[in-house]
Amino acid sequence: MSIYDTLNPEQKRAVLHDRGPLLILAGAGSGKTRVLTHRIAYLIDEREVNPYQILALTFTNKAAREMRERVDKIVGYGAENIWVSTFHSTCVRILRRFIETLGYERSFTIYDTDDQKALMREVLKYLEIDTKKIKERAFLSAISSAKDELITPEEYALNAAGDYNKQKYAQVYAEYQRRLKANNALDFDDIICKTVELFETNREALQYYQRRFRYIMVDEYQDTNTAQFRFISLLASSVNEFGETEHNLCVVGDDDQSIYKFRGANIRNILDFEQLYPDAVVIKLEQNYRSTASILEAANEVIANNRGRKEKKLWTANEKGAPVTFTQYENDYEEANRITASIADKIAANPECSYRDFAILYRTNAQSRVFEEKLILKSIPYKIIGSINFYQRKEIKDILAYLKTIDNGLDSIAVKRIINTPKRGIGLATLDRVEAYAERNMMSFYDALRHAEHIDGIGRAASKIMSFVSLIESLKSNLARPDYSLTDLLNELLEATGYIRDIQDTEEEETAADRIANIDELISKLALYEEAAETEDASLSGFLEEVALVADVDNLTEDANHVVLMTLHSAKGLEFPYVYLCGLEDGVFPSYMSINAENPEAEIEEERRLCYVGITRAMQELHLSAARARMLRGETQYNRTSRFVAEIPRYLLNICGSGKPAPLASEQRYGSSPIRSAKAAPPVSSTETIQRYTNALPSNIFEKKAPERPAKQFGGGNLAPLDYGVGDTVSHIKFGTGIVTSVVQGGRDYEVTVDFASAGTKKMLAGFAKLKKL
DNA sequence: ACGCCGACCGTCCGA
DNA sequence: CGGTCGGCGT
């Protein structure tokens with residue numbers, strides 16, 4: 001029996017496809033990674049393709065890592081020679097080798113969003129554009145779109161003829177690009193489009209890679225933008241031994257999961273694949289192995305409301321499973337409370353299931369806050385993906401700016417970030433003079449600093465600048481020593497700058513500890529990088545690049561046991577037994593931006609695809625929820641239930657009452673905001689909401705099965721009394737011993753505040769805290 | 001040069 | 001509500 005016998009007929013066809021373009025339309029959970037890895041194995045084992053000639057492209061490092069692992073498992077010899085990598089890393093690797101032909105240095109730095117903003121501020125200041133009128137974000141997103149479409153500043157200017165506003169944008173774009181180059185830096189979009197530029201201007205480089213990569217696989221093809229598409233199609237035009245041009249391009253995607261239009265993804269890439277490659281073979285994978293039949297049917301019903309899709313219908317042989325549930329809660333606070341309680345209940349009731357089986361998904365990162373609060377209260381281990389990236393923390397960015405300064409002195413953004421961090425008494429006025437000097441003499445900011453003594457009007461600051469420069473120079477020269485590691489460099493840097501001491505002196509004790517812990521983590525990451533890269537040379541550029549290209553999901557591991565919280569975007573490609581999809585309200589999901597867009601139809605279709613992605617993450621159970629009232633931007637908003645909920649037929653949906661009385665006094669978060677006041681609360685009632693979208697529904701579906709009970713019944717005497725009280729010493733499994741400072745009777749439980757000897761003051765629910773009286 | 005405070009403001013999603 | 005920025009006081 002061969003490894004291919006476990007595949008279904010369509011999967012098998014895809015795996016055994018020989019040469020020429022191949023489009024695999026792989027529905028959610030249809031085993032596409034399996035097909036890709038088996039296909040690679042097939043090419044090597046049966047077609048005698050050299051592993052070295054295979055390139056597999058993904059969007060995230062996590063996807064690349066997973067594919068690498070699975071390829072290693074089924075491909076015997078030579079698997080390590082297969083190039084499995086993300087678009088961005090691949091392009092960086094190519095550019096590190098050839099970028100000099102484009103006039104950059106090989107040690108170029110990569111700018112993240114913050115760096116881009118800083119640079120754009122300089123550009124706008126220089127061009128005397130009032131950032132009050134047009135925000136820098138507008139310029140940056142216009143430039144980003146232009147780059148995604150491979151439009152150069154020159155082309156942009158040509159298109160702008162006669163349009164004053166566009167001309168302004170063109171001017172900004174040109175200046176921004178000029179400064180990037182002066183800083184020897186690339187932004188995220190440049191990474192792709194500079195590679196395309198390289199391929200289009202440097203025949204030798206292109207041919208080198210065309211000859212090398214004879215078989216190209218692309219995952220999540222629906223998310224490629226125009227630049228990425230051009231990159232792939234240039235690469236996938238190799239000439240075979242008979243002198244014929246071959247397109248051994250295998251792309252895998254699902255148009256229904258295209259959710260990155262906002263960052264330039266061009267859905268036409270997948271929809272028009274057959275027109276672009278008339279000899280393309282198209283294979284559809286429509287059997288889903290992931291979800292229960294109920295979940296899958298719900299997903300199908302929702303996505304069926306979109307138009308202009310590739311025709312396909314997912315099916316499954318899995319059992320029907322539990323119905324999808326929908327609950328409308330009173331507010332976001334209650335939503336979080338109930339969902340987290342439900343997770344705790346399920347885990348308590350079912351020994352088979354653990355925290356890692358649960359995911360809470362939402363539309364926007366801001367929604368994670370309330371959940372975090374509740375999870376801490378209930379002592380549920382959790383991990384939030386994406387809200388604050390490790391590498392965006394101030395202390396990490398500062399340290400990285402030092403490293404960037406050492407690595408690439410042309411990176412003025414990095415130099416300016418740290419020249420006065422920690423405080424060295426170098427002020428804004430001084431920096432302006434240095435900047436002016438640099439511009440006058442056509443030199444980089446850092447080089448101007450080296451000439452500080454020749455700059456007029458700097459005065460006392462000159463000596464301070466000189467000592468900064470010699471600090472950087474001495475660190476830089478250390479790096480030349482063969483026995484000197486990057487970790488040594490970082491440690492010496494911290495010592496010489498006094499960065500940690502500065503944190504201890506100026507910050508609150510607690511935040512200082514956090515920051516220092518983060519710096520320690522950075523040191524470990526650097527050490528890990530050096531260890532892993534021992535065969536190749538572990539360069540500073542290499543580390544900085546790795547750091548710049550990590551996504552938040554990349555750090556998600558299956559071995560850690562915690563509930564995972566993330567946006568729907570981050571969740572793509574993942575699966576969980578139990579999924580809570582929350583905030584299903586018009587205005588939240590679909591977002592008000594999409595509802596009020598110029599062409600709402602298209603935007604809402606994208607949101608619907610996002611909804612489809614969310615639903616199809618669930619394997620066993622899917623729980624949908626919405627809140628009547630939600631705190632947003634400091635004010636309470638009343639949204640009606642998302643239209644997507646109404647698109648799921650009633651027979652698939654188990655509609656639950658919130659089962660919750662009026663908010664408890666101890667939980668009342670909206671203060672005096674009169675949630676129930678008729679004047680301040682204009683929302684349509686939930687009953688009306690749903691009726692507007694579904695005529696088949698009974699008018700009272702959202703009314704509680706049991707009539708709403710007054711609060712006192714819940715808070716009333718049916719709670720078992722606690723065996724401890726205020727003033728008692730208690731012990732907690734995680735926090736150790738402490739003294740009870742207050743006990744408040746809440747809805748179904750007591751909220752107990754304990755002052756722990758080592759862990760500080762914590763609020764917790766008695767039922768979950770399992771406190772023992774000592 | 002730097003720290004504090006009040007006004008303003010504005011929002012999605014992300015490599 | 002939370003972060004950011006600009007003005008002002010030291």
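Every chain is numbered from 1, with letters handed out A, B, ... down the list of sequences.
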Chemist: Do A:R96's NZ or CZ and the ring of A:F108 fall within the cation-pi criteria of under 6.0 Å and 45°?
Modeler: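 Yes, a cation-pi geometry holds between A:R96 and A:F108.
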
Chemist: Angle class for the A:F213/A:W83 ring planes (parallel below 30°, perpendicular above 60°, tilted otherwise)?
Modeler: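 Ring orientation, 0 to 90° scale: perpendicular.
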
Chemist: Give a yes or no on whether the backbone of A:L632 and the side-chain of A:T636 come within a donor-acceptor separation of less than 3.5 Å.
Modeler: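 No, A:T636 side chain to A:L632 backbone: no donor-acceptor pair under 3.5 Å.
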
Chemist: Is a side-chain donor or acceptor of A:D112 paired with a backbone partner of A:A548 at a separation under 3.5 angstrom?
Modeler: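 Answer holds: no.
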
Chemist: Between B:dC12 atom P and A:N596 atom CG, what is the distance in whole Å?
Modeler: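 In whole Å, B:dC12 P lies 14 Å from A:N596 CG.
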
Chemist: Where do N or O atoms of nucleotides 2-4 of chain B meet protein N or O atoms at under 3.5 Å, pair by pair?
Modeler:
from	atom 1	to	atom 2	distance (Å)
B:dC2	OP1	A:G425	N	3.4
B:dC2	OP2	A:N420	ND2	3.1

Chemist: Keeping the roles fixed (side chain from A:H88, backbone from A:I192), state whether a donor-acceptor pair exists under 3.5 Å.
Modeler: no

Chemist: Using atom NZ of A:K572 as one end and atom C1' of B:dC12 as the other, report the distance to the nearest whole Å.
Modeler: 17 Å

Chemist: Is the backbone N or O of A:N183 less than 3.5 Å from a side-chain atom of A:N408, with the two atoms forming a donor-acceptor pair by type?
Modeler: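 Judged by distance alone, yes, a pair lies under 3.5 Å.
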
Chemist: Taking OP1 and OP2 of C:dT4, is either one under 4.0 Å from a side-chain nitrogen or oxygen of A:R137?
Modeler: no

Chemist: Please work out which of the three classes, parallel, tilted or perpendicular, describes the rings of A:F589 and A:F644, given edges at 30° and 60°.
Modeler: perpendicular

Chemist: How does DNA chain B look in dot-bracket notation if pairs are Watson-Crick or G-U with both distances under 3.5 Å, crossing ones as [ ], other-strand ones as |?
Modeler: ||||||||||.....

Chemist: Toward the 5' end of DNA chain B, which comes first, A:K464 or A:Y592, by nearest nucleotide?
Modeler: A:K464

Chemist: Ignoring hydrogens and angles, tell me if any N or O in the side chain of A:S89 forms a donor-acceptor pair with the backbone of A:S85 under 3.5 Å.
Modeler: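 No; zero donor-acceptor contacts below 3.5 Å.
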
Chemist: Kindly assign one of parallel, tilted or perpendicular to the pair A:F262 and A:Y260, based on the angle between their ring planes and the thresholds 30° and 60°.
Modeler: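 Ring orientation of A:F262 relative to A:Y260: tilted.
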
Chemist: Any N/O pairs under 3.5 Å between the protein and nucleotides 13-15 of chain B? List them or say none.
Modeler:
from	atom 1	to	atom 2	distance (Å)
B:dC13	OP1	A:N365	N	2.4
B:dC13	O4'	A:R363	NH1	3.1
B:dG14	OP1	A:T567	OG1	2.9
B:dG14	OP1	A:S570	OG	3.3
B:dG14	OP2	A:N365	ND2	3.3
B:dA15	O3'	A:F59	O	3.4

Chemist: Any donor and acceptor pair, going by atom type alone, linking the side chain of A:N225 with main-chain N or O of A:N266 inside 3.5 Å?
Modeler: no

Chemist: Expressed as a whole number of angstroms, how long is the span from A:E136:CD to C:dT4:P?
Modeler: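 Taking CD of A:E136 and P of C:dT4, I get 12 Å after rounding.
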
Chemist: Using whole Å, what does the distance between atom C1' of nucleotide B:dC12 and atom CD of A:E585 come to?
Modeler: 14 Å

Chemist: Using whole Å, what does the distance between atom C1' of nucleotide B:dC12 and atom CG of A:L568 come to?
Modeler: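 Atom CG in A:L568 sits about 11 Å away from atom C1' in B:dC12.
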
Chemist: Answer yes or no on whether A:R609 is positioned over the face of A:Y612, meaning its NZ or CZ is under 6.0 Å from the six-membered ring centre and within 45° of the axis.
Modeler: no

Chemist: What is the distance from CZ of A:R630 to C1' of B:dC12, rounded to the nearest Å?
Modeler: 13 Å

